[in-house]
S.K.: 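Before we start, here is the structure in question, set down as structure tokens.
What you see is a predicted model, and the numbers here were worked out from it, not measured in a lab. As the structure lists them, so they are numbered: ligands from 1, and atoms in each ligand from 1.
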Amino acid sequence: MSQNPLRDPIAALFPTASDRHRVEQWLNGELQRALLRIQSGPVTPTLDMAAFRAELEAFDFDKPQPLDGLLRWTTERLEHGIVQMTNPRYFGLFNPSPSFPAQCADRITSLFNPQLASSASSPMPVELERQVIRAVARRAGLGNEASGHFATGGSEANYTALLCALTAAHPGFAADGVRVFAGPVKFYTSRDCHIAWLKIAHQAGVGRAALRLVGTDGRGRMDTQALKQAIAEDRAQGAVPLMVVATAGTTGAGMIDPLSACADISQQEGLWYHIDAAWGGAALASNRLRPLLTGIERADSLTIDAHKWFATTMGCALFITRRGALLSEAFHASTSFMPSSVSDVDPYLNSVQWSRRFLGLRLFLALAAAGWEGLGAHVERSVDVIERVRELLVCTGWTVANESALAVLDVVPPAELGNVRSLVRRVVASGRAWVAPTTFEGRDVVRICATNGETTLEDVNALVAALNERV
Ligand SMILES: Cc1ncc(COP(=O)(O)O)c(C=O)c1O
């Protein structure tokens with residue numbers, strides 16, 4: 001009998017079923033215990049980074065270690081080495097505490113590891129994602145014909161919008177790039193947009209100067225007169241206007257640009273109309289808040305980050321367009337090694353990515369488990385949390401700077417609490433809560449956003465007490 005020429009699988013990478021089971025049992029328990037500690041512990045990192053760097057330096061990859069110890073080390077260091085999004089006193093940037101269904105989706109996905117580039121490799125996941133995209137598109141009023149895909153984040157989805165707008169604007173763009181245009185191309189957002197648009201302009205090859213930052217109306221929303229004027233000026237100077245981007249839920253203040261007026265202008269000027277609803281798009285789930293987004297149904301394309309207010313794990317956004325044919329035009333490719341080549345279905349033929357993870361399952365499971373009603377209630381709950389923070393702060397002498405109906409509050413402290421930046425530094429350093437400093441309409445403000453679906457009234461009181469503590 002000939003000897004097996006293959007060595008055994010590498011046990012450190014592919015342990016036996018019983019070893020795997022033992023480690024998984026331990027890890028599950030450990031993660032649950034860590035979460036409880038995180039929820040009642042400091043929001044801010046406490047890890048000594050100099051010591052941590054030394055620890056990393058000392059890792060010797062020529063001397064493998066048992067996985068159990070490495071997993072314990074990883075969770076312990078993470079427990080002290082990040083701003084804790086799962087802490088209910090994180091009132092921070094739009095990063096959520098992830099919903100449990102979304103976490104389960106990641107767990108399942110990491111076991112099967114489906115390759116979503118092609119519908120032949122992953123027929124079930126590709127169809128499931130298409131269904132989620134259609135459901136959100138219908139909710140936005142984009143109609144049954146709208147299509148799109150999941151992306152890693154709002155930046156990728158917004159980049160996709162710019163490529164669609166360029167492709168739509170000139171039939172020669174795909175082959176010859178921006179030189180086909182009669183002048184430098186321009187696109188328009190408000191100056192309160194997410195500033196990743198500058199990187200997007202850079203990476204798309206149109207140059208950062210292609211982005212016109214239009215002024216706001218004194219209340220953090222795009223000034224539509226200024227928008228019209230900017231387009232007219234650019235045309236007069238021989239530039240080529242391409243796209244208007246309205247923001248539904250600005251990063252700094254949760255403001256919604258005038259979506260219908262921006263749609264009118266885009267239509268009159270023959271421009272692509274994109275709505276960056278990375279955060280605020282989640283208001284679609286709520287019947288109470290949905291009217292705030294009136295006009296969203298007129299967008300040519302839409303960005304919604306599921307990893308913001310829809311509370312999936314990080315790296316999950318939706319790009320939706322009513323002009324799906326443009327995706328196939330912008331991202332088509334042809335090769336013999338792929339198992340399928342269905343131009344309007346295969347994700348690798350309709351999006352920036354090639355190999356791709358099963359991201360859509362996170363939102364599918366959340367939607368299927370909670371329904372629109374449950375997701376809507378989650379979004380409304382955040383608005384109610386912020387309403388309560390607002391009441392308490394106004395009672396103690398703070399001034400509200402923004403008039404957002406969503407879950408971001410920008411506030412100015414009373415003079416005796418000192419300036420915004422040092423106040424925020426104090427609160428964050430205390431670990432009792434996490435808020436951000438920013439500027440809104442030229443004023444320094446404390447930005448407070450409800451991102452955690454489990455924040456309680458006690459957490460709100462703790463935040464307000466931390467903000468009001470004098471030096
Ligand atoms: C309005 C808006 N657009 C785009 C982005 C960028 O999204 P991402 O960080 O998912 O790439 C953000 C992030 O906060 C945002 O608030």
S.K.: Tell me whether Arg134 is salt-bridged to Glu127, with the criterion being a basic N under 4.0 Å from an acidic carboxylate O.
M.R.: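 A salt bridge links Arg134 with Glu127.
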S.K.: Once you restrict to heavy atoms under 4.0 Å, what part of Thr152 touches ligand 1? Side chain, backbone, both or neither.
M.R.: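 Neither; no heavy atom under 4.0 Å.
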S.K.: Quick check: does Thr247 get an N/O under 3.5 Å from an N/O on ligand 1?
M.R.: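 No, Thr247 has no N/O under 3.5 Å of an N/O on ligand 1.
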S.K.: Can you find an N or O of Asp276 that's nearer than 3.5 Å to an N or O of ligand 1?
M.R.: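 In this structure, Asp276 places an N or O atom under 3.5 Å from an N or O of ligand 1.
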S.K.: Can you find an N/O atom of Gly154 closer than 3.5 Å to an N/O atom of ligand 1?
M.R.: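 It does: an N or O of Gly154 is found under 3.5 Å from an N or O of ligand 1.
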S.K.: Looking only at protein heavy atoms, which one is nearest to atom 16 (O) of ligand 1, and what is the separation?
M.R.: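 Minimum-distance protein heavy atom for atom 16 (O) of ligand 1 reads Thr251 OG1, 2.8 Å.
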S.K.: Among all protein heavy atoms, pick out the one at the shortest distance from atom 12 (C) of ligand 1; state its residue, atom name and that distance to 0.1 Å.
M.R.: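 Going atom by atom, the protein heavy atom closest to atom 12 (C) of ligand 1 ends up being His194 CD2, 3.1 Å.
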S.K.: Taking atom types as modelled and ignoring hydrogens, do the side chains of Thr250 and Asp192 form a donor-acceptor contact shorter than 3.5 angstrom?
M.R.: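 Short answer, no.
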S.K.: Does one side chain, of Ser355 or Gln115, offer a donor that lies under 3.5 Å from an acceptor on the other?
M.R.: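 Their side chains do contain a donor-acceptor pair, which is all the 3.5 Å distance test asks for.
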S.K.: Give the contacting part of Ser155 toward ligand 1: side chain, backbone, both or neither, where contact means a heavy-atom distance below 4.0 Å.
M.R.: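 Both of them.
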S.K.: For Trp279 and ligand 1, answer yes if some heavy atom of the residue is under 4.0 Å from a ligand atom, otherwise no.
M.R.: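 No, Trp279 has no heavy atoms under 4.0 Å from ligand 1.
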S.K.: Report yes or no: do Arg298 and Ser266 form a side-chain donor-acceptor pair below 3.5 Å?
M.R.: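 No - no donor-acceptor pair under 3.5 Å links their side chains.
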S.K.: Which ligand 1 atoms, with their elements, are less than 4.0 angstrom from a heavy-atom of Phe94?
M.R.: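 Near Phe94, meaning under 4.0 Å from one of its heavy atoms, ligand 1 has 14 (O), 16 (O).
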S.K.: Between Thr216 and Asp223, is any side-chain donor less than 3.5 angstrom from a side-chain acceptor?
M.R.: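 The criterion, which ignores hydrogens and geometry beyond distance, is not satisfied for Asp223 and Thr216.
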S.K.: Can a donor-acceptor pair be found between the side chains of Asn468 and Trp398 at a distance below 3.5 Å?
M.R.: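 Result is yes, a qualifying pair exists.
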S.K.: Would you say the side-chain atoms of Arg447 pair up with the backbone N or O of Val408, donor to acceptor, closer than 3.5 Å?
M.R.: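 Not at all, since once roles are kept as given, no pair shorter than 3.5 Å links the two residues.
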S.K.: Hey, does His307 sit under 4.0 Å from ligand 1 if you only count heavy atoms?
M.R.: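 Contact check His307 vs ligand 1: positive.
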S.K.: Is the closest basic N to carboxylate O distance between Arg219 and Glu403 below 4.0 Å?
M.R.: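 Glu403 and Arg219: salt-bridged.
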S.K.: Does some non-hydrogen atom of Gly249 fall short of 4.0 Å from ligand 1?
M.R.: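 For ligand 1, residue contact (heavy atoms, under 4.0 Å) with Gly249 is present.
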S.K.: Which atoms of ligand 1 have any heavy atom of Asp305 under 4.0 Å away?
M.R.: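 This gives 7 (O), 8 (P), 10 (O) as the contact atoms.
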S.K.: Under 4.0 Å from a heavy atom of Asn158: which atoms of ligand 1 are those, numbered in the order shown and with their elements?
M.R.: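 Under 4.0 Å from Asn158, ligand 1 has these atoms: 4 (C).
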S.K.: Just which atoms of ligand 1 are under 4.0 Å from any heavy atom in Gly153?
M.R.: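 Checking each atom against Gly153, I get 10 (O), 11 (O).
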S.K.: Tell me, which protein residue and heavy-atom name are nearest atom 9 (O) of ligand 1, and how many Å apart are they?
M.R.: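 Ranked first by proximity to atom 9 (O) of ligand 1 is Lys308 NZ, 3.6 Å.
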S.K.: Considering only heavy atoms from C-beta outward, does the side chain of Phe319 approach that of Cys164 to under 4.5 Å?
M.R.: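 Touching, per the 4.5 Å side-chain cut-off.
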S.K.: Do Thr313 and Arg362 meet the criterion of a side-chain donor-acceptor pair at a distance under 3.5 Å?
M.R.: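 Arg362 and Thr313 do have a side-chain donor-acceptor pair below 3.5 Å.
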